[in-house]
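Structure record follows, encoded as structure tokens.
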Amino acid sequence: MNNKDILEIKRRYKKDKHNFSRIAGCYVDNEKNKIISFSQTPGEMPDDDFFKYLDIANKCLSGKLGNNILQLPFPNDEIMTGDKYSLLQQLRTTELKDESVLDAFFDNVIENYLITGNFLILLYSDSYDIPMKTTDNQDLGDSEYIYDYILGAICPVNLSKSTLGYREAENAIGALRREWTVNPVESAFMFPSFSERNSDFNTVTVYAKNPKAPHREFWENGLHVSSRLTSAEKKNAFEEMVGKSVPDDDKDIHFNIADNLSGFIEQKQQTQPEDTPIEITGEDVRTIMEDSGVEDYKAEKIGERFTDFFEGSENVPEATELLDTRLLKNQDLHHEKDALAREVRVLHEKLKETGAESTDGNASDIYVKVPADREADVTTAFVDGEKCLIIPLDPSDTAMVNGEERTL
């Protein structure tokens, strides 16, 4: 699955392009009781309601591939005889019309999704006639294949904030009634995955609003897939490996690590075809640490941690997933501030040399530069009642005032 696949599906989630045949849902309270369940066609819903459901569907495939969106494989035994896989297939083939299948899935989510408070489970049944395309990606219009799939979403439901407003029935200003409101999608899935413009029944596509803390328990127990780390989790794991050997307050070392990792990526990009993943090994990490000023034995230890945790697993990161771009931006700002501070220091020194600034850093309203052997000749005197600066002049002397030469 790639970004083009995701965009091709998402483009259809509009009021004039969608092909959802049915939407089902279940509202669950904080004690895991099913409060209400429903299954309706879009035509049975008021337009305003349906457009809200359409907005939720859009969010189910938002964010960055590999971080918010992952394509996870089913184990072979789950595909062959697994209850979770069979349940997903039943949802798809019955198009959300079988109440017993819906109840079984809702129970599955309630049992395996860890959440505090009320929440809403939503399911969408969709059928997409995939148009044929030319080699240069031109749409031929004719259907090549039909992609039937289920889109699922889990949304927290919270009480609205207490607020003051106009109470029309009483014609008065007062506290408005608090309502239970559906919050943005927290987790979602699409089965089967849409990969290379076709159905991939061996995988499910999952979405996590918070990639630092995805609902892995639902992936593994509710869908029974082989879960993988998000980019945010890989980056966090890498930072913890480094943090065990490099204190957080050692800013210069952390800046150097980000800078050298960025340089490693740029060098690889120059020697590899475009869009090729930038691989990184424990040995690469060790070298980057040493080049960044980390002591050799600590750099070796970080490299070993990287190898033990990542290499040989399904979670091997791309180098770009480990790069702290925020730190890199801060580093650039840090360098800019240092350069500016150096320029200011040089400017102050020049001002002192010209006499425009005293040694204590105070600026003067008027500054005069004369040869050192004539400093004692500069005096003040009252002329016609005005205090004046007196500078004796030789016939050959020249003068410059505010950058302009004056005739004496």
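This chain uses plain numbering: 1 for the first residue, then up along the sequence.
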Next item on the list: State, yes or no, whether a side-chain contact exists between Leu88 and Arg92 at a heavy-atom distance under 4.5 Å.
Entry: no

Check: Does the pair Asp296/Arg286 count as a salt bridge with the N-to-O cut at 4.0 Å?
Finding: no

Note to self: Tell me whether Lys34 is salt-bridged to Asp107, with the criterion being a basic N under 4.0 Å from an acidic carboxylate O.
What the structure shows: yes

Item checked: Sub-4.5 Å side-chain heavy-atom contact between Ser231 and Lys64 -> no

Note to self: Check Lys235 with Glu321, please: is the shortest side-chain N to carboxylate O separation under 4.0 Å?
What the structure shows: no

Next item on the list: Evaluate the criterion ring pair (Phe, Tyr, Trp, His ring centres under 6.0 Å) for residue pair Phe50 and His18; output intermediate values, then yes/no.
Entry: CA-CA 11 Å; Phe50 174 67; His18 81 89; 4.7 Å; yes

Checklist line | Qualifying residue, where the test is side chain to side chain contact (heavy atoms under 4.5 Å, CB included) with Met190 and the options are Ile6, Ile69, Thr205 | finding: Thr205

Checklist line | CG on Asn76 to OG on Ser226, rounded to 0.5 Å | finding: 9.0 Å

Next item on the list: Would you indicate whether Lys84, at its atom NZ, is surrounded by more than 12 heavy atoms from other residues, nucleotides or ligands within a distance under 6.0 Å?
Entry: yes

Note to self: Looking at Glu217, I'd like to know if its CD atom is crowded, meaning that more than 12 non-hydrogen atoms belonging to other residues, nucleotides or ligands lie closer than 6.0 Å.
What the structure shows: yes

Note to self: Taking Pro73's backbone N and O only, do any of them form a donor-acceptor pair with Asn202's side chain (distance below 3.5 Å, no angle check)?
What the structure shows: no

Notebook entry, point to check: Are the charged groups of Arg228 and Glu314 less than 4.0 angstrom apart, N to O?
Noted result: yes

Checklist line | Residues Lys298, Glu290: salt bridge by 4.0 Å N-O rule | finding: no

Next item on the list: Please confirm whether the backbone N or O of Phe310 pairs with a side-chain atom of Ser313, one donor and one acceptor, at under 3.5 Å?
Entry: yes

Margin query: Tell me whether Arg197 is salt-bridged to Glu8, with the criterion being a basic N under 4.0 Å from an acidic carboxylate O.
Written below: yes

Next item on the list: Report, as yes or no, whether the 6.0 Å neighbourhood of atom NZ on Lys10 holds more than 12 heavy atoms from other residues, nucleotides or ligands.
Entry: yes

Next item on the list: To the nearest 0.5 Å, tell me how far Tyr113 OH sits from Lys32 NZ.
Entry: 9.5 Å

Notebook entry, point to check: Side chains of Tyr149 and Asp126: do they bring a donor and an acceptor to under 3.5 Å?
Noted result: yes

Check: Can Arg326 and Asp324 be counted as an ion pair, charged N to O under 4.0 angstrom?
Finding: yes

Item checked: Distance-only donor-acceptor check, side chains Asn112 and Glu220, under 3.5 Å -> no

Margin query: If only side-chain N and O atoms count, and only distance matters, is there a donor-acceptor pair under 3.5 Å linking Ser262 with Asp259?
Written below: no

Item checked: Interatomic spacing from OG1 in Thr203 to CZ in Phe191 - rounded to 0.5 Å -> 8.5 Å

